[in-house]
Amino acid sequence: MSTTATLLAVQRHTRSEPGHATRVAAAITRLRQAAAAHTPRIVQATSLGAEDMVITDIVARHGLPIVVATLDTGELHRETLELAARIEAHYRLAVERWSPPTEAVVAFVQRHGKRSMFESTVQRKACCALRKLEPLARLLAGRSAWVTGLRRAQSAARAEVPFEAHDEAGRVKFNPLADWSEADVWQYIGDNAVPYNPLHDRFFPSIGCAPCTRAVALGEDPRAGRWWWEHDGTKECGLHVPSVGQRASERHARRGEAVNA
Ligand code: SF4
């Protein structure tokens with residue numbers, strides 16, 4: 001007999017919740033509308049996490065003209081790198097990989113060491129700026145819109161995530177799963193046989209770079225496995241947590257959050 005610890009993530013987290021089909025239909029509509037408004041300058045910036053796999057599946061399944069792109073920080077788990085290749089084979093679509101400049105990474109490591117992220121939050125954020133923010137800026141250059149898998153229920157820092165907002169560069173940022181629960185994500189994955197990172201089966205609910213991600217205990221906060229040694233911040237790398245000013249404009253945008261379904 002299976003115990004919770006031996007169940008796959010899709011078995012552990014899937015449960016039927018009222019309104020699931022409605023939320024799925026609304027997410028598809030939002031993505032379809034986003035693609036129609038921004039083709040060919042819209043991209044899904046995927047972390048290759050469970051939520052982003054749902055979005056990639058919708059993009060592929062419905063033939064939406066949205067580019068799929070990810071950041072290869074140079075510190076990803078083997079399983080994550082393999083998932084990008086699995087996506088390409090499974091959906092027959094290309095996944096763009098964006099990496100930090102090799103020379104800059106070499107210089108950073110020579111100066112600060114390979115594990116300087118553990119020394120201070122400042123050092124950790126410097127590493128995130130180099131390995132994530134810099135390539136993200138290039139990934140987004142020339143695009144008018146991007147799509148993420150952010151959900152409000154993921155953390156307190158994400159509790160106000162709108163379906164749609166402008167980022168600080170003026171691009172439209174779509175978060176079509178903003179109102180989804182974790183159960184919604186896994187029900188969709190189970191229903192549609194969506195490939196996912198096997199680290200989720202090993203109790204990694206949120207997967208980032210290998211040095212900075214660990215498994216969590218049953219019942220522990222899903223974000224507890226990210227930068228677990230830090231206790232003084234929002235546990236974000238800067239890709240998604242907006243400035244105070246942007247939060248205000250997002251609150252404003254949320255008033256019109258119902259999609260034209
Ligand atoms: S998550 Fe860790 S390894 Fe990845 S960029 Fe940030 S500090 Fe560096």
Side-chain angles (χ1 to χ4, degrees), residues 43-53 55 68-85 87 95-141 146 148-151 154-158 161 167-169 173 175 196-200 202-217 220-243 246:
V43 62
Q44 179 200 3
T46 175
S47 69
L48 305 171
E51 288 81 2
D52 280 309
M53 290 310 305
I55 292 172
V68 178
T70 194
L71 303 178
D72 181 351
T73 64
E75 291 282 7
L76 298 179
H77 296 86
R78 173 183 49 79
E79 292 86 344
T80 305
L81 296 170
E82 288 174 356
L83 180 58
I87 291 170
V95 177
E96 293 183 0
R97 278 94 159 163
W98 294 79
S99 302
T102 305
E103 319 75 54
V105 170
V106 169
F108 184 89
V109 170
Q110 281 177 343
R111 179 158 186 209
H112 300 289
K114 205 161 164 41
R115 292 295 176 259
S116 61
M117 68 284 281
F118 298 118
E119 293 170 9
S120 70
T121 303
V122 169
Q123 281 293 342
R124 194 272 289 172
K125 289 188 174 174
C127 185
C128 286
L130 171 62
R131 294 182 183 271
K132 293 183 169 182
L133 300 185
E134 193 280 340
L136 178 71
R138 283 184 285 112
L139 182 161
L140 293 176
W146 54 313
T148 86
L150 296 184
R151 293 187 297 108
Q154 283 172 318
S155 69
R158 298 182 179 184
V161 165
D167 67 15
E168 288 170 333
K173 184 175 178 182
N175 307 302
Y196 66 85
N197 194 324
L199 290 172
H200 289 308
R202 305 202 312 253
F203 292 89
F204 286 72
S206 174
I207 303 168
C209 295
C212 302
T213 309
R214 66 160 171 79
V216 302
E220 203 175 3
D221 186 308
R223 294 287 292 175
R226 304 292 296 277
W227 306 296
W228 63 93
W229 64 93
E230 291 184 1
H231 305 284
D232 58 347
T234 56
K235 297 204 172 195
E236 297 281 354
C237 57
L239 295 181
H240 296 301
V241 171
S243 66
Q246 190 181 350

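Heads up: numbering here begins at 1 and tracks the sequence. Just follow the structure's listing: the first ligand is 1, and inside any ligand the first atom is 1. This structure is a prediction, so every number in the text was calculated from the model and none was measured.
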Audit row: E119, R124, salt bridge (Lys or Arg N to Asp or Glu O under 4.0 Å) steps and yes/no
CA-CA 8 Å; E119 293 170 9; R124 194 272 289 172; over 6 Å; no

Which atoms from ligand 1 have a heavy atom of M117 less than 4.0 Å away?
3 (S), 7 (S)

Considering G74, P100, C209 one by one, which has a heavy atom nearer to atom 4 (Fe) of ligand 1 than any of the others?
C209

For W98 and E96, test the side chains for any donor-to-acceptor distance below 3.5 angstrom and give the result as yes or no.
yes

For ligand 1, which atoms sit closer than 4.0 Å to a heavy atom of C212?
1 (S), 2 (Fe), 3 (S), 7 (S)

Less than 6.0 Å separating the ring centroids of H112 and F108?
yes

Could you tell me if the side chain of E51 sits less than 4.5 Å from the side chain of L150, heavy atoms only?
no

Can you list everything that forms a salt bridge (Lys or Arg N to Asp or Glu O under 4.0 Å) with R111? Sequence neighbours excluded, please.
none

Is the contact between C128 and ligand 1 made by the side chain, the backbone, both, or neither, using heavy atoms and a 4.0 Å cut-off?
both

Is ligand 1 under 4.0 Å from a heavy atom in the side chain of R124, in the backbone, in both, or in neither?
both

Show me which atoms of ligand 1 lie under 4.0 Å from any heavy atom of R131.
5 (S), 8 (Fe)

